[in-house]
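Taking it in order: structure first as structure tokens, then the write-up.
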Amino acid sequence: MYKVGVTGGIGSGKSTVCRLFAERGIAVYDCDSRAKALMTESASLREAIVRIFGEECYRDGVLERRYLAGRVFADADALAALNGVVHPAVREDFRAWAGRQQGAYVMLESAILFDAGFEGEVDTTLAVLAPTEERVKRCMERDGASREEVLRRISNQSDDDTLCRLADRTIVNIRRDYLESDVQRLHEIYTHEAQR
């Protein structure tokens, strides 16, 4: 199965791009939502999190997200420890999921594709880019966040120059009509590459 990794910063529109691929029949694996689900569903991952952060992480088998976020927020070592158990679980889950899919190719959507080393799980990568002001506007409207909060979140992610350097291809998300044609063109390219 041919695999395409899709990444982009907050507000860039990577989920919109993935939705357009899904409309073309492409299965999309959302790393963020699967990671959240696995932290509850996977017994081995739950055990690892409890071993590192304590029993308080779960109440009646449900992850106490606020407690865990409080433990890893502003503590780089704690965040690295959490990622050290979550990322391998997501990687294993993605491999199993991809093996069950039909179609020419699948997509893996991850905001931290390169940071997490997930680029090693895919055959090619796509970075979704957008002007900073457009990203800020989208996030403020979508999340109700302040301009300062959005800019702080953007500053904690890989910048567009880094993504351009690391990704095999890029797509700029400014206007929906342009995006539709760009996605269609990429869909044709990925379908061709998958058949080689």
Side-chain angles (χ1 to χ4, degrees), residues 1-53 57-58 61-63 65 68-69 72 78-129 156-158 162-171 173 183 186-196:
M1 176 63 70
Y2 194 71
K3 303 174 189 76
V4 180
V6 182
T7 193
I10 184 171
S12 64
K14 66 185 168 302
S15 294
T16 299
V17 167
C18 287
R19 202 162 33 252
L20 291 173
F21 279 101
E23 288 171 9
R24 288 158 174 80
I26 301 306
V28 178
Y29 181 96
D30 179 352
C31 282
D32 189 45
S33 64
R34 284 304 298 153
K36 288 175 181 166
L38 288 167
M39 290 166 82
T40 297
E41 294 169 7
S42 167
S44 60
L45 182 54
R46 275 199 322 268
E47 288 168 15
I49 291 170
V50 167
R51 189 171 58 252
I52 298 167
F53 297 102
C57 289
Y58 291 89
V62 177
L63 181 67
R65 293 190 192 288
L68 188 58
V72 302
L79 180 59
L82 180 62
N83 288 340
V85 294
V86 173
H87 292 170
V90 170
R91 190 173 284 115
E92 186 178 314
D93 187 63
F94 170 69
R95 289 174 185 164
W97 172 88
R100 295 189 301 269
Q101 302 309 307
Q102 303 294 316
Y105 63 95
V106 296
M107 301 195 114
L108 177 147
E109 177 187 350
S110 174
I112 56 170
L113 183 79
F114 297 108
D115 300 319
F118 290 148
E119 76 275 14
E121 297 298 318
V122 297
D123 299 292
T124 189
T125 55
L126 173 66
V128 182
L129 312 174
N156 287 329
Q157 297 182 328
S158 296
T162 301
L163 292 178
C164 282
R165 186 170 37 80
L166 295 174
D168 297 314
R169 291 187 177 92
T170 58
I171 187 171
N173 176 16
V183 165
L186 285 168
H187 174 59
E188 291 166 9
I189 289 169
Y190 293 142
T191 300
H192 174 73
E193 289 178 349
Q195 291 168 348
R196 286 202 317 235

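Numbering starts at 1 and runs along the sequence shown.
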Side chain to side chain contact (heavy atoms under 4.5 Å, CB included) evaluation trace for Arg19 with Thr16: CA-CA 5 Å; Arg19 202 162 33 252; Thr16 299; 3.4 Å; yes
Leu113/Val6 under side chain to side chain contact (heavy atoms under 4.5 Å, CB included): CA gap, chis, key distance, verdict: CA-CA 7 Å; Leu113 183 79; Val6 182; over 6 Å; no
Chi angles and distances behind the side chain to side chain contact (heavy atoms under 4.5 Å, CB included) call for Val183, Val17: CA-CA 7 Å; Val183 165; Val17 167; 4.2 Å; yes
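In this structure, Met107 CE and Asp30 CG are separated by 12.5 Å, a value rounded to the nearest 0.5 Å. With rounding to the nearest 0.5 angstrom, the CG atom of Leu82 is 8.0 Å from the CG atom of Leu45. Atom CZ of Arg91 sits about 12.0 Å away from atom CG of Asp93, to the nearest 0.5 Å.
Within 6.0 Å of CD on Glu92 lie no more than 12 heavy atoms contributed by other residues, nucleotides or ligands.
Residue Leu163 comes nearest to Gly8 through the heavy atom pair CD1-CA, 4.1 Å, listed as atom of the first residue, atom of the second, then distance. The minimum heavy-atom distance between Cys57 and Leu68, with the atom names listed, is SG-CD1, 4.0 Å. Across all their heavy atoms, Val122 and Thr125 have their closest contact at CG2-CG2, 3.8 Å. Across every non-hydrogen atom of Asn173 and Gly13, the tightest pair is ND2-CA, 3.4 Å. A pairwise comparison of heavy atoms in Ser12 and Gly9 identifies OG-O, 2.7 Å as the closest pair. Shown here for Arg169 and Leu186, the closest heavy-atom pair between the two residues is CD-CD2, 3.5 Å.
Taking the six-membered ring for Trp, His187 and Tyr105 have ring centres closer than 6.0 Å.
Val106 places none of its side-chain heavy atoms less than 4.5 Å from the side chain of Tyr29. For the pair Arg165/Thr162, a side-chain contact is recorded, criterion being any heavy-atom separation below 4.5 Å from C-beta on. Looking at heavy atoms from C-beta onward, Phe118 lies out of side-chain contact with Glu109 at the 4.5 angstrom threshold. Side chains of Ile26 and Tyr190 form no contact here, defined as non-hydrogen atoms less than 4.5 Å apart. In this structure, the side chains of Ile112 and Thr7 stay at 4.5 Å or more apart for every pair of heavy atoms. Contact of the Glu193 side chain with the Asp123 side chain is not registered, since no non-hydrogen atoms from C-beta on lie closer than 4.5 Å. For the pair Val86/Met39, a side-chain contact is recorded, criterion being any heavy-atom separation below 4.5 Å from C-beta on. Taking 4.5 Å as the limit, every side-chain heavy atom of Glu188 sits out of range of all side-chain heavy atoms of His192.
Each of Lys36, Arg46, Arg34 was scored for a salt bridge (charged side-chain N to carboxylate O under 4.0 Å, His left out) with Glu41, with one residue passing: Arg34.
No salt bridge links Lys3 with Glu121; every basic N to acidic carboxylate O contact stays at or beyond 4.0 Å.
Residue pairs meeting the ring pair (Phe, Tyr, Trp, His ring centres under 6.0 Å) criterion with at least one partner in residues 1-24, sequence neighbours excluded, are absent.
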